[in-house]
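So that the names make sense, note that chain A is the first sequence line, chain B the second, and so on, each numbered from 1. Hydrogens, waters and symmetry mates are skipped; everything else that's a heavy atom, side chains included, is used.
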Amino acid sequence: MRTHTCGALRSAQIGERVVLCGWVDTVRDHGGVIFIDLRDRYGLTQVIFDPNDSREAWDLAQTTRGEYVIQVEGVVEARPESMANPKLATGEIEVRGDQIRILNKSRTPPFPLTDAEADKVSDDLRLTYRYLDLRRGAMQRNLTVRHRMTQTVRQYLDDAGFTEVETPILTKSTPEGARDYLVPSRVMPGAFYALPQAPQQYKQLLMMAGVDRYFQMARCFRDEDLRADRQPEFTQIDMELSFVTPADIYEVVDGLVAAVVAACGKGTVQLPIPRLTYDDAMNRFGSDKPDLRFGMELVELSDIFSDSGFKVFRQVLDQGGVVKAVNAKGLGGIPIRIMDEWTAVAKEWGLGGLAYIRAQEDGEWKSPIVKFFSDEERQQLRERLDIAPGDLVFFAADQRPVANEALGHLRLLAGRQAGVIPADALAFTWVTDFPLFMVTDEGRLTSMHHPFTAMHPEDLDLLETNPAAMRAQAYDIVLNGVELGGGSIRIHDPAIQARVFDALQLPKDEVEDRFGHLLNALSYGAPPHGGIALGFDRFVMMMAGEQSIRDVIAFPKTQKAMDLMMNAPATVDARQLRDVHIKLDDGRE
RNA sequence: GGGGGCGUAGCUCAAUUGGUUAGAGUCCCAGACUGUCGAUCUGGUUGUUGCGGGUUCGAGUCCCGUCGCUCCCGCCA
């Protein structure tokens, strides 16, 4: 139907007779000549209709409107002197149209499809008419970025000896973890499949199958509440490798993300990607997903105040807590209103309040607490925090995890407020040596990563004595303060796996029911193995410069997990319910 | 489950302390115009103020409920 796309023509084609197809982007009717910007996903080409060329075509061109689909035939011409449009790749030329066919009309679109306007259109409209939203240049670019990244991942992992294997979507519910999406069985009344939260067990079983290096662009499903960076179904770059240590995983993933970043034209990632232990990340940045695009690190001050006359600090220290602070360089002049907001944030994260020092330009410190400090304490503070005129220092005195986490959140607010976070920087980091377990609010032990995670070999003996202190061979990869992915070395010894299930106090029969196949498989010569999964949607979002993964998923769901275009989920008819042995409890069937 | 924001013309928004006929830009429609590219000029149409109740002489505005979109906390091994 066409000889070229709307992005293809250049000066080199001047004089050629061409046929273009596309959507009418805009019509500029001058009464005499009519300009039509013809658009497809490759670009925009100006077509000019002159009544002197073909009265018939000109008449028809006059009737076109935005989003009409047309086919145009004409000759490529150089634009007249000084009429070139440098904003268009095709701006040197135009097509003098002498034939036009309206392939399809369009109703007036429910929202403008020009990018500048559409960015402000409400999400529900965009999602209801997603096929129109996706017609926009920005969305087309996002789809393209995603495709480029997918291709790069497949190519890189293929080159690295990986085999892509598909694992089932209809699988089995497992205890712990996210809420499952359930699918009723027709042939087994009362039984349900679960959609996978991740192909975790399958990929381990593939290691036992001798696949050695597996990957999959794996669709995962979690029935939990949504966020800007969380959808109920999402895609992971899922990997598992045999005979590896964490260092082998880091090497593969370092190369992978560097290749993807390069393919997106986002520069060169310095390798190796730096590594931080979990403890260091928490102590220095107050987060297990630290944003390393800027400094403002947390500074430990407990030793300075160990004998302090300032009771608030002393009491916390006497109870085994810590005193820490952040120097928010240059924020000394921050409005009180914002300090009040930050104080509220500090309280939200468990601090009693937010003590601070504003170092004024004249060198004097304004602070509600500094009068309680001795001269020596002030001097040590000045040195350790490098306090200069114009700085703002805020303190946290609490148990270490509370102080770290609260300051970590405040650090991000301070960084944004100070404008010191470079928007185009890509700061990758590994966070390693996560704790193996955490203690729930009810005092129960639970896996921080998942129950198949291997512990540090030297921590094995703590399993029955002090499990909370055990370190895992688990790691996350973080980009600009966003958790991009995580993984671990897995337990390959069935005896140790059984001890972990014991420590988690999972009932024996439940372990047998849910994990029996895995324990079995481990007992038939399972190789040491480990892996990682990267949140692909988040990665695309960051490469595309978007704020929400909805903008890099073709057909995403709303915060209530609805598909506004398809109107899913929806009721089904009574016969379908009967087939799968389900009776609704709202009176309908 | 909890907290915040938003909902007014097809779209993006405005509307003083609760006040009379709810406006603007854009889109759309009609007309004019032979070099525009955010075309321009002239004229015109467009409203269940998300929905339901309440208070009031009077509600876009206040109150209660509800629906939708969104951000965050919880949740997401």
Distance-only side-chain donor-acceptor flag, A/Q46 / A/R28, under 3.5 Å: yes
Sugar-phosphate, base or nothing in reach of A/N85, heavy atoms under 4.0 Å: base
Identified pairing partner of B/rC6, criterion: Watson-Crick or G-U wobble below 3.5 Å: B/rG68
Whole-angstrom distance between B/rG4 and B/rU40, as gauged at atom C1': 45 Å
Touch class at under 4.0 angstrom, heavy-atom based, for A/N52 against every strand present: base
Euclidean distance, atom CG of residue A/D37 to atom P of B/rG35 [Å, nearest integer]: 16 Å
Touch class at under 4.0 angstrom, heavy-atom based, for A/E94 against every strand present: base
Atom-pair distance (OH on A/Y68; P on B/rC28), nearest Å: 10 Å
Touch class at under 4.0 angstrom, heavy-atom based, for A/R550 against every strand present: sugar-phosphate
Comparing A/G177 and A/T26 on RNA chain B - which has the more 5′ nearest nucleotide: A/T26
N/O (side chain, A/Q46) to phosphate O (OP1/OP2, B/rU36) under 4.0 Å: no
Side chain A/D29 and base B/rU36 donor-acceptor under 3.5 Å: no
Pair of N/O donor and acceptor under 3.5 Å linking B/rG68 base with A/R126 side chain: no
Proximity to the side chain of A/T108 - top-ranked nucleotide from B/rG35, B/rA39, B/rC28: B/rC28
Per A/D124 side chain, nearest of listed nucleotides B/rC72, B/rU34, B/rG68: B/rG68
Length of the CG-P vector between A/L38 and B/rC37, whole Å: 19 Å
d(CZ, A/F49; P, B/rU34) in whole Å: 18 Å
Sugar-phosphate, base or nothing in reach of A/P112, heavy atoms under 4.0 Å: sugar-phosphate
Residues A/D225 and A/R230 bridged, charged N to O under 4.0 Å: no
d(CG, A/L412; P, B/rC72) in whole Å: 13 Å
Separation between the C1' atoms of B/rG10 and B/rG5, rounded to whole Å: 25 Å
Pairwise C1' distance for B/rA30 and B/rC57, with rounding to whole Å: 44 Å
Distance, rounded to the nearest Å, where A/D229 contributes CG and B/rU70 contributes C1': 14 Å
Face-to-face stacking of A/H30 with B/rG35, centres under 5.5 angstrom, angle under 30°: no
Lys/Arg N to Asp/Glu carboxylate O, A/E483 vs A/R538, below 4.0 Å: no
N or O in side chain of A/K87 less than 4.0 angstrom from B/rG38 OP1/OP2: yes
Rounded distance in Å between the P positions of B/rG31 and B/rA15: 37 Å
Side chain of A/V33 (C-beta onward), nearest among B/rC72, B/rU34, B/rC11: B/rU34
A/W349 and A/H409 aromatic ring geometry - parallel, tilted or perpendicular at 30°/60° bounds: parallel
Out of B/rG1, B/rC76, B/rC72, whichever nucleotide has its closest atom nearest the side chain of A/R230: B/rC76
Candidate nucleotides B/rG10, B/rC69, B/rC37, ranked by approach to the side chain of A/P110 - the nearest: B/rG10
Paired nucleotide for B/rU12 [Watson-Crick or G-U wobble; both distances under 3.5 Å]: B/rA24
Contact check, side chains of A/L170 and A/L195, non-hydrogen atoms, under 4.5 Å: yes
Distance, P atom - from B/rA9 to B/rA22, rounded to whole angstrom: 14 Å
Touch class at under 4.0 angstrom, heavy-atom based, for A/R65 against every strand present: sugar-phosphate
Aromatic-base stack, A/F35 on B/rU36, cutoff 5.5 Å, angle under 30: yes
Point-to-point distance, once rounded to the nearest 0.5 Å, from CD of A/E240 to OH of A/Y214: 8.5 Å
Under-4.0 Å side-chain N/O to phosphate OP1/OP2 contact, A/R227 with B/rU70: no
Parallel, tilted or perpendicular, as decided by the 30° and 60° cut-offs, for the rings of A/F515 and A/F501: parallel
Whole-Å C1' distance, B/rU34 and B/rA39: 13 Å
Proximity to the side chain of A/R222 - top-ranked nucleotide from B/rA39, B/rC76, B/rC69: B/rC76
Shortest side-chain distance from A/L127, nucleotide among B/rU70, B/rC11, B/rC75: B/rU70
Spacing between A/K120 atom NZ and B/rG25 atom C1', to the nearest angstrom: 10 Å
Short N-O contact, A/D98 and A/R17, less than 4.0 angstrom: yes
Gap between atoms CG and P, on A/L226 and B/rG1 respectively (whole Å): 15 Å
A/L88 side chain, from C-beta outward: closest of B/rC37, B/rU12, B/rU34: B/rC37
Touch class at under 4.0 angstrom, heavy-atom based, for A/L125 against every strand present: sugar-phosphate
Sugar-phosphate only, base, or nothing, as touched by A/P451 at under 4.0 Å among non-hydrogen atoms: base
Touch class at under 4.0 angstrom, heavy-atom based, for A/Q200 against every strand present: base
A/P196 side chain reached by A/T167 side chain, heavy atoms, under 4.5 Å: no
Strand partner of B/rU40, provided both Watson-Crick or wobble distances fall under 3.5 Å: B/rA32
Residue A/K560, side-chain heavy atoms: nucleotide from B/rC71, B/rG68, B/rU34 that is nearest: B/rG68
Rounded P spacing from B/rC6 to B/rC62 in Å: 11 Å
Backbone N/O of A/C6 and side chain of A/T45: donor-acceptor pair under 3.5 Å: yes
Sugar-phosphate only, base, or nothing, as touched by A/R514 at under 4.0 Å among non-hydrogen atoms: nothing
Selection from B/rU12, B/rU70, B/rU36 that lies nearest to any side-chain heavy atom of A/D123: B/rU70
Nearest-angstrom distance, P atom, B/rU21 to B/rA59: 11 Å
